[in-house]
Amino acid sequence: MLGLGVERLRADMNRLLALLFHQGVLDEQFLQLQQLQDESSPNFVSEVVNIYFQESEKLLRNLRSLLMDRQFSDYKKMGVHLNQFIGSSSSIGAKRVRNVCVAFRVASEQNNRLGCLRTLELLEHEYCYLKNKLHELFQIEQQRLLAAAVRYPVQH
């Protein structure tokens, strides 16, 4: 019975990952990141992704702060933040977030404040979706690891 629970959780993880790939939320870089995880670092992917989330939230705050300033004109500074966001999103395989950042960067290169505001809104939406889905994935993974570790005493 216990093995079935572990297999069901593994199947749930695979279905969620397949959905995220099908939706274009993740790309093959996420799979490469997963391949770096092993018994010596069983939480490697979640640790890397959590660092990404912390840094991304700082970048989102900085971008929003820049755009909320009525006197804003430093689109180059915005481009620096966006380049960081593009790089970190690419490194974990966050494809849709990266793509929105690229569109945001185009708007900033054109000094298009309205376009920047619109893409910031979309970026925040995509980022929240990614964060929620990856948290869901990591919760299922933790449940699977716990279920696999449970041992029942043998009845004599």
Side-chain angles (χ1 to χ4, degrees), residues 1-67 78-110 112 114-152:
M1 181 68 182
L2 184 62
L4 293 177
V6 172
E7 289 308 311
R8 183 186 52 79
L9 291 167
R10 185 183 317 277
D12 289 348
M13 283 178 58
N14 290 337
R15 272 192 296 277
L16 180 55
L17 273 174
L19 173 71
L20 295 175
F21 279 96
H22 178 73
Q23 293 175 333
V25 173
L26 295 175
D27 65 20
E28 64 282 344
Q29 184 61 35
F30 188 80
L31 295 176
Q32 291 178 9
L33 190 63
Q34 284 185 310
Q35 290 173 353
L36 297 174
Q37 184 166 293
D38 58 21
E39 291 86 29
S40 67
S41 57
N43 298 318
F44 177 76
V45 175
S46 64
E47 289 170 3
V48 169
V49 169
N50 281 324
I51 292 168
Y52 166 79
F53 288 150
Q54 292 168 6
E55 293 304 311
S56 295
E57 287 175 21
K58 287 179 198 170
L59 290 169
L60 284 168
R61 276 194 306 274
N62 290 342
L63 290 166
R64 179 156 290 289
S65 176
L66 284 171
L67 281 170
M78 185 174 293
V80 169
H81 292 311
L82 288 166
N83 285 337
Q84 289 175 314
F85 215 157
I86 291 167
S88 60
S89 296
S90 294
S91 72
I92 69 153
K95 183 179 177 181
R96 280 197 342 207
V97 169
R98 184 198 66 229
N99 290 346
V100 173
C101 286
V102 169
F104 195 157
R105 184 174 61 191
V106 168
S108 74
E109 288 169 351
Q110 296 170 349
N112 179 349
L114 184 57
C116 287
L117 286 166
R118 286 181 180 152
T119 51
L120 175 61
E121 208 171 287
L122 182 58
L123 178 57
E124 289 171 334
H125 171 78
E126 289 296 337
Y127 171 77
C128 286
Y129 184 77
L130 172 73
K131 186 175 181 179
N132 289 335
K133 290 300 179 185
L134 288 182
H135 276 308
E136 183 180 339
L137 180 72
F138 296 146
Q139 285 177 333
I140 296 169
E141 184 176 28
Q142 286 302 310
Q143 291 171 359
R144 184 186 62 79
L145 292 172
L146 287 172
V150 172
R151 302 278 188 258
Y152 291 99

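For Glu124, the CD atom counts as densely surrounded, since its 6.0 Å shell holds more than 12 non-hydrogen atoms of other residues, nucleotides or ligands.
The main-chain N or O of Gln37 is never found under 3.5 Å from a side-chain atom of Ser41 such that the two would form a donor-acceptor pair.
When every heavy atom of Pro42 is checked against every heavy atom of Ser40, the shortest pair comes out as CD-C, 3.6 Å. In this structure, Thr119 and Val100 approach most closely via the heavy-atom pair O-CG1, 3.7 Å. Across all their heavy atoms, Ser108 and Met78 have their closest contact at CB-SD, 3.9 Å. The minimum heavy-atom distance linking Leu123 with Cys101 is given by the pair CD1-SG, 3.7 Å.
For the atom pair CD (Gln32) and CG (Leu36), the distance works out to 8.0 Å, reported to the nearest 0.5 Å. Note that CG of Asn62 and NE2 of His81 are 4.5 Å apart. Values are rounded to the nearest 0.5 Å. Within the model, atoms OG of Ser65 and NZ of Lys58 stand 15.0 Å from one another, a figure rounded to the nearest 0.5 Å. Rounding to the nearest 0.5 angstrom, the gap separating the CG atom in Leu59 from the OG atom in Ser88 is 6.0 Å. Rounded to the nearest 0.5 Å, atoms CG (Leu63) and OG (Ser56) are 10.5 Å apart. Atom CG of residue Leu130 and atom CG of residue Leu26 lie 6.5 Å apart, to the nearest 0.5 angstrom.
Counting heavy atoms from C-beta on, the side chains of Val97 and Tyr129 never come closer than 4.5 Å. Using a 4.5 Å heavy-atom cutoff, the side chains of Arg64 and Arg61 are not in contact. Under the 4.5 Å side-chain criterion, counting only non-hydrogen atoms from C-beta, Val45 is in contact with Phe138. Looking at heavy atoms from C-beta onward, Arg105 lies out of side-chain contact with Phe85 at the 4.5 angstrom threshold. Between Arg96 and Gln23, some side-chain heavy-atom pair lies under the 4.5 Å cut-off. The shortest distance between side-chain heavy atoms of Tyr52 and Leu134 does not fall below 4.5 Å. You'll find the side chain of Leu17 reaches within 4.5 Å of the side chain of Gln34, heavy atoms only. Using a 4.5 Å heavy-atom threshold, the side chains of Gln143 and Leu146 count as separate.
Counting only residues at least two apart or on different chains, the salt bridge (charged side-chain N to carboxylate O under 4.0 Å, His left out) pairs with a member in residues 25-41 are Asp27-Arg98. For residues 130-145, the salt bridge (charged side-chain N to carboxylate O under 4.0 Å, His left out) pairs, not counting sequence neighbours, are Glu57-Lys131, Lys133-Glu136.
In this pair, Phe53 and His135 present their aromatic rings tilted. The plane angle is within the 30 to 60° band.
The pair Glu7-Arg10 meets the salt-bridge criterion, since a charged nitrogen lies less than 4.0 angstrom from a carboxylate oxygen.
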**Request:** I would like to know whether Leu20 and Phe30 meet side-chain contact (heavy atoms from CB on, under 4.5 Å); could you show each step before the answer?
**Result:** CA-CA 11 Å; Leu20 295 175; Phe30 188 80; over 6 Å; no
**Request:** Give the intermediate values and the outcome of side-chain contact (heavy atoms from CB on, under 4.5 Å) for residues Leu16 and Met13.
**Result:** CA-CA 5 Å; Leu16 180 55; Met13 283 178 58; 5.9 Å; no
